[in-house]
Peer 1: 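This is the structure I have questions about; it appears just below.
Excluded from the calculations below are hydrogen atoms, water molecules and symmetry mates; all remaining heavy atoms, backbone and side chain alike, are included.
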Amino acid sequence: MFDYTYLPAPNLIPSIVEMMLKIVFIFSMNMGVFAPLLGWVERKQSALMQDRIGANRAEIFGFTVFGLLHTVTDAIKLLTKEDFIPRGADRPLHYLAPFIAVVPSLVAFAVIPFGGKYMLWGHEVNLVIADLNVGMLYVFAVASLATYGAVIAGWASNNSWSMLGSMRVGAQMLSYEVAMGLTLVGIFMVYGSLQLTTIGMAQENFFHWGIFLQPLGFILFIACALAENKRTPFDMPEAESELIAGYFTEYSGLKFAMFWMAEFLEMVTIAAVLVALFFGGWHIPFITHQGLIAAMGYLFGANFGAIAAMIIHVAVFWLKVVVWIMILMLIRWSLPRFRFDQVMKLGWKIVLPLALANIFITGLVLLAVR
Amino acid sequence: MLNQYIPILVMTLAACGTAAGMIILTSIIGPKREFEEKMEPFECGVSPITDPKSRFGVRFYLVAMLFIVFDIEAVFLFPWAAVFRELGMFGFVEMMVFILVLTVGLAYIWKKGALEWE
Amino acid sequence: MGRLIDLCKRKLGDTVLSAHEQHGDETVVIRKDALLTVLRWLRDDDAMKFDFMMDLTAVDYLGTRARSERFEVVYHLFSLKNNHRLRVKTLVADDDPVTESVVTVWVAANWFEREVWDMYGIIFKGHPNMKRILLYEEFEGHPLRKDYNIRKRQPLIGPEN
Amino acid sequence: MQLLIFYGFGFFALFSGIAMIMSRQPVTSALLMVVNMFCLAGLYAQLGAHLIAVLQVMVYAGAIMVLVLFVIMFLNLREKAGIVSKHGVMMQALGIAALGFVITAIIAKLDMAKLPAAKAPAADFGSVAAIGRVLFTDYLLPFEITSVLLLAAIVGAVVLAKRKV
Amino acid sequence: MGVTREERNIEAALGDSVILTQVDKVIGWGRKYSFFLYPFITACCGMEFMSVAGPRYDLDRFGAALPRFSPRQADLLFVVGTISHKQAPILNKVYNQMAEPKWVFAFGACVCSGGMYNNYSTVQGIDTILPVDVYVPGCPPRPEMVFDGLLKLQELVANERSSKWPRGKSQYEPRVKR
Amino acid sequence: MENRHQLDLNTELMVLNMGPSHPATHGTVRFFIKLDGEKIIHMETEIGYLHRAFEKHCEDGTWSKAFPYTDRLNYNSAPQNNVAYALAVEKLMGMADKVPARTVYIRTIMCELSRMADHYTNLGAATLELGALTAFLYFVEARELTWDLIESVCGARLTSNYVRIGGLASDLPEGFAGKVKEVFAKNRVFWDEFDKLLTKNRIFLDRMRDTGAISRDDAIAYAFTGPCLRAAGVEYDVRKASPYLAYGNVDFDIPVGTTGDNFDRYLVRMEEIRQSERIIEQCLAQMPSGPININDAAVRNPSKEEVKSNMASMIFHFKNTIEGIQVPKGEVYVPTEGSNGEVGFYLVSQGGGKPWKCRVRPPCFALTQAMGHMCKGSFLADIIPTFDMINLIGGECDR
Amino acid sequence: MVANYKKVNRGVTLTFWERIYVMEVMRGIIITGRHFIRNWVSTIRSYVSGNPADRGIPTIYYPEEKPLLPEAYRGRPMLVRAVDGKEKCVACGLCEVACPPKCITIVGAMRPDGTRYPETYTLDGAVCIFCGLCEEACPEEAIVMSPNYEGLAEYDRGLMLYDKEALLVPEEKLQGRLDYIRRRMFNKCNY
Amino acid sequence: MEMPVPLHHYLILSGILFSVGVVGVLSRRNAIIIYMCIELMLNAVNLTLIAFSRQLGDLNGQLFTFMVMAVAAAEAAVGLGIIIALFRNRQSVDVDDVNLLKG
């Protein structure tokens, strides 16, 4: 496990291949599937919630594919849109802001396991890009960088509404970052680790899922995650009816789309973290990790069985993620938004004390159980 | 252990590449024409009245400041949570004292009205 | 004659220039110089108690009346307590379109008076902010005067017509 | 490979550090500082200080620098023409001279052989649990004192920022 | 005004070639199903616009459901409701501030021609101050009429050469600078 | 303490220009806001972006040509304005009591239907601007169903042009009562869902409650009328204070609030939708049969056969159309309860076929005037619910 | 039978569960989620069965499906071409006068048989407000509000200037509207 | 096992960074930039601590860094508070303007 020198050559190649495959998988999942698809899901889902049908008319050779092509048309349109920077704006920062917004949301996924460990031809495959022992802290650290994107976007735009939006987004994201960290301390106490793979493995038993062990932590975390994601009911920074488009008022074309993309990808990350921490990660309820591998091994032989189990686990994980994304969208489309001071009040006066209380209670219970 | 970070590095580079690519692409493609009125910041169809970069209320700063303090608190809590089971009762009391002191701080700012947006 | 007109006449004496009742609407015409006192009395007197100033407008009688009585400023008052209404009018001359502002009596009169200024060019003395309200500063003339042609445009942008 | 990473991060750290003190725009300075923090975090990770590396990003880049950025934006600081003070050029020259001196001194003084040879660290060196274990036993007192320090910081900041106290 | 150094379009970038028409086709296809609206709503037609966006008629089917209130992000200026002379400079400014490519949709009789308001305060059709792409009559038009107009606009956009862009500012400067 | 924004760190006040082309201002209002952080120190309202010369147009045309213009005053509830104008003209002509009973009832129904549509739009738009898009679309659909009813009667969805002097343009369609029943059943479901989504939702409540409050006395001084006045606890409704149409014959409640904040306005409007349904159902039950127009050739267009067959009818028809209906000299003010408050028509006739003056008392004009008063000291975000609950309708406010 | 003033229940003393947001969020999600699932299922069902009636949503797929209009609906005004092929209009000019936006212009002429007819009849579609006053004014039932609303959008304002030929429609196509006028609007019982 | 990168590399880097910080403090007048330079110096020291911690296989260096961070955070809160207070009184964050000795 610990080595500074390189792995022996025969082992190096599979590791590199494994690494690249995982990165490509996550990247294609994020950029290729979720970023465009979520736009479609969001549109269609909101449409159906609102008794509408939603985008369905874009067609190639008569095929409309349930409106999926609208995401393609949107991309083409946004790409060929004028790139615009207002006078008085800080040009380099104006370019930098969407960049800063997107990168963390793409990178944050690295530590989230989307499957367990499998032995394939004597090579252990661990379905996580980087199995850091700081685990969740990495996500927090990366998430804290996302604040810059929004704050700088507003600052660099030379627009009053953007400026207001950026101040709001800064204050809001900072407040909820703290609360988010504290809400998860309970989970870390329960599983005794910050490493997401460890936490994932610990949830093999259905009744050890985080949701049962940390219900309060779960609710608080969802609130914080929604706030970090800056979507309704916490979309003060970009509240259309108040601030026009908030901090990205002066952004056009793809640069504007990048903020949205970042938002969508953040949503995927949030859903993935929720699943990994509270909903048993890749586990199927009542079926153990090894149990499934053994069963599949019995059916397909050891190696292919492991592959089959891997596929099932990965599918289960993404299924849970998709369900969570849909729930997050349901929340987003059902609720009115807060007022800014109410958001801050919720963060500091309700969530933060409750999170501290949650830590206290968890500690007491854990000590009592022991 | 270090090779744990290599994927992250690779991923970061890839992400930076993607993002930079998108920005460069959008600034190359697309028609462009700039003229005086368009370059004005948008303010509901009239010319802006004041410079947007005026100063903001001190509360925003206060929030950031409180954030730092509580972030440090959280930072201390993470390693504690990881070794909580090993430390047992002793660690629990120890941390509760720590939290208590900071809760006093929270109560102070609460009472001082630093959390109010009035 | 209606009850309110009687009351007004008895109380106000010769400040009431004329009064009439038509279709159940009681109307009193008040001398311009006594307007503010009369309206304040109408608001405060227990028998009257006109706490609502429902409407304030003007009428341009160009060509049908003497030029010294060209404009009428019309107040529609309503009393919540007594549930009755009264129309109060005052006459404004063409060459001196000035009358008293009643903003001090009813806050609501503020915009209504600005509108009358905008539309008829009647100036309300003592109004805190006598500016155009519906039209723009650059607009010349007062469109609801009978001598303003409905199609006389004064665009801020684009061709003249 | 390792050396390459070191040089990469080291170069960027230096570059951003120097650019930071040269930059005219305070906002740019702050952002360059963030880059600097990031590179240092990379170096920490290379040195096996995993928790510290992440905290470097989280606390320095994610919290302290945001606060700095807020203050810059909040005070609407835009530099006048002469950012560097009049005696700035001389100071810089002096500074660079001092820099050279310091480095030579370090290298001259450093007798690597006297240091114990680098040991292979324990498997969980620098991990969350390892730090936690030491922090909450050996460093108990500093830890508790930190809480008082933070409390003082809260009070201080509130007093300073809110005029009516 | 005039051609600035910054001005460019795809056609200039690619040079004139056979591929270009194909590229134009693809871009036209993309743009036609992806209108981000800037609803410039002032009057009665706005109520009908709500219906157009509402469940019964659902503007989203045409890929045009995202109202962006920042003109930088919008492609299609939906002028909905009477434009008075007081409002006209604002409309003009919003149009000028939109990022290229941009289209203008005249929604309702008042916008097309001033409608029944042939008077001192109303602009007699916004085509007197900006270039308009599609006119939809009616006071207010039925949602179906709006869709007819939108389909026409889609047709127009699909067959557009990208050399048409950028279009630049509207032909008039306001008389009064505010 | 007293002027903290001045003491506090020399914070420059931010002067913002909200509107006219801002999503929250409906395109027709412009707010100048002085902000200290997020708090409004001072606010000025500018209106007039939708001034369309209503009065001038009325004076320009004949009496009956004014109907299409009245449609576009409060375009959310066009029939109400039609009715108000018709009532005023009829009163001026001294034939107010000659209007057939069936017409009175149909007019009442149309008024209440349009009140419902108006409240649906208003409440929906308010929630839209508070971020709850789904609730908004539920009410849009509810309004759509109401509009179907209006369309089946008037022939147009929004600008109905339905009422005529001394009568109506057309009779109710066959099976109207049944359709109303169907629509109301659906609308009640939407109403319930809307109610469940919002009324007890704390997020919504916190946005609405104690924001934009106005005291009883201030509301009266600002000449508030309609739901906004009643929300402030003043018991005044034209339908009750001086019953017109069939309002004296039906049983309904008029909701009254206590504090005059946005939440009370919201509740009052929600309740009024229910009451309107009640009124309509009672009216349909009491609906008399009979003619819908005054049988007076000098007022009403004769039927086509009559025009062709009867010379006198034809002459009247031509005279009425070209010269306009002859209205005797006089003046009249008729208050009616519009969806937003008291809609009063003040008509002056100098005799002849054209109005000398046709003034409408716009309820939102008075309401909008108080925006600055209501928003002062609250947050930027509070403008939105307050302004929505004022329900500014450009056509009515600016005319 | 009187109206009463009734205090609305300001009510809203929230219970503990309502106060903690969670329950309200859940309730909201359940309501919207119910719509979502119901519409999802019904939409899929209609895709499978190919029957638009199976759709639970009220959306009309416009260019392919047309809405059902009430017979009172006023669409674009049309001139009636009588069965003998001549226009019914006698160019009396009443519609021109009655039209509030003044969008109609008529130039009348005399046929050899002495009847009047419009030599030109122009209706500016960009100005028309579909109010129906021309229809009421017309003594000859020559101009009626047809239920036609399609294809009115144009790229150019000039194209919306309809001349006589564009407006004339055979009588049988407008029969529904003519019946409606006679039955509902100018029926004898309406007086 | 040897460290992959020799210790003195880190030390030199940290020395340079420290000097850069010193130069910044000496040459800039903007209090916020000076504050950032101080942070830079702290970070340079942290780097040394961690490098030695790795060299010696001893966690104490990392613990030191941990504490330095905590202190730095507190310093940020108060330090920037002081800058704001200075700004409030002097309308400037230029250290030349706020020379207390000059009065």
Peer 1: Test Asp83(A) against Tyr95(A) for side chain to side chain donor-acceptor pair (under 3.5 Å), laying out the working first.
Peer 2: CA-CA 10 Å; Asp83(A) 176 43; Tyr95(A) 279 115; 3.2 Å; yes
Peer 1: With a 4.5 Å heavy-atom cut-off (strictly below), which parts of residues 47-56 of chain E touch chain A? List them by number.
Peer 2: Ala53(E), Gly54(E), Pro55(E)
Peer 1: Check for me whether the distance between the ring centres of Tyr120(E) and His85(E) falls short of 6.0 Å.
Peer 2: no
Peer 1: For Glu42(A) and Trp333(A), which I'm curious about, is there any donor-acceptor pair between the side chains at under 3.5 Å?
Peer 2: yes
Peer 1: Kindly write out the residues that satisfy side-chain contact (heavy atoms from CB on, under 4.5 Å) with Asp74(A), not counting sequence neighbours, or none if the list is empty.
Peer 2: Arg43(A), Ser34(E), Phe36(E)
Peer 1: Picking from Phe78(E), Trp103(E), Phe62(E), what satisfies ring pair (Phe, Tyr, Trp, His ring centres under 6.0 Å) with Phe35(E)?
Peer 2: Trp103(E)
Peer 1: Of all of Ala257(A), Pro86(A), Ser252(A), which one pairs up most often with chain E through heavy atoms under 4.5 Å apart?
Peer 2: Ser252(A)
Peer 1: Is there a donor in the side chain of Asp75(E) and an acceptor in the side chain of Tyr38(E), or the other way round, less than 3.5 Å apart?
Peer 2: no
Peer 1: Below 4.5 Å from any heavy atom of chain E, which atoms of Leu69(A) appear? Answer side chain, backbone, both or neither.
Peer 2: both
Peer 1: Below 4.5 Å from any heavy atom of chain E, which atoms of Gln50(A) appear? Answer side chain, backbone, both or neither.
Peer 2: backbone
Peer 1: Can you see whether Phe147(E) has Arg61(E) sitting over its ring - NZ or CZ less than 6.0 Å from the centre and within 45° of the normal?
Peer 2: yes
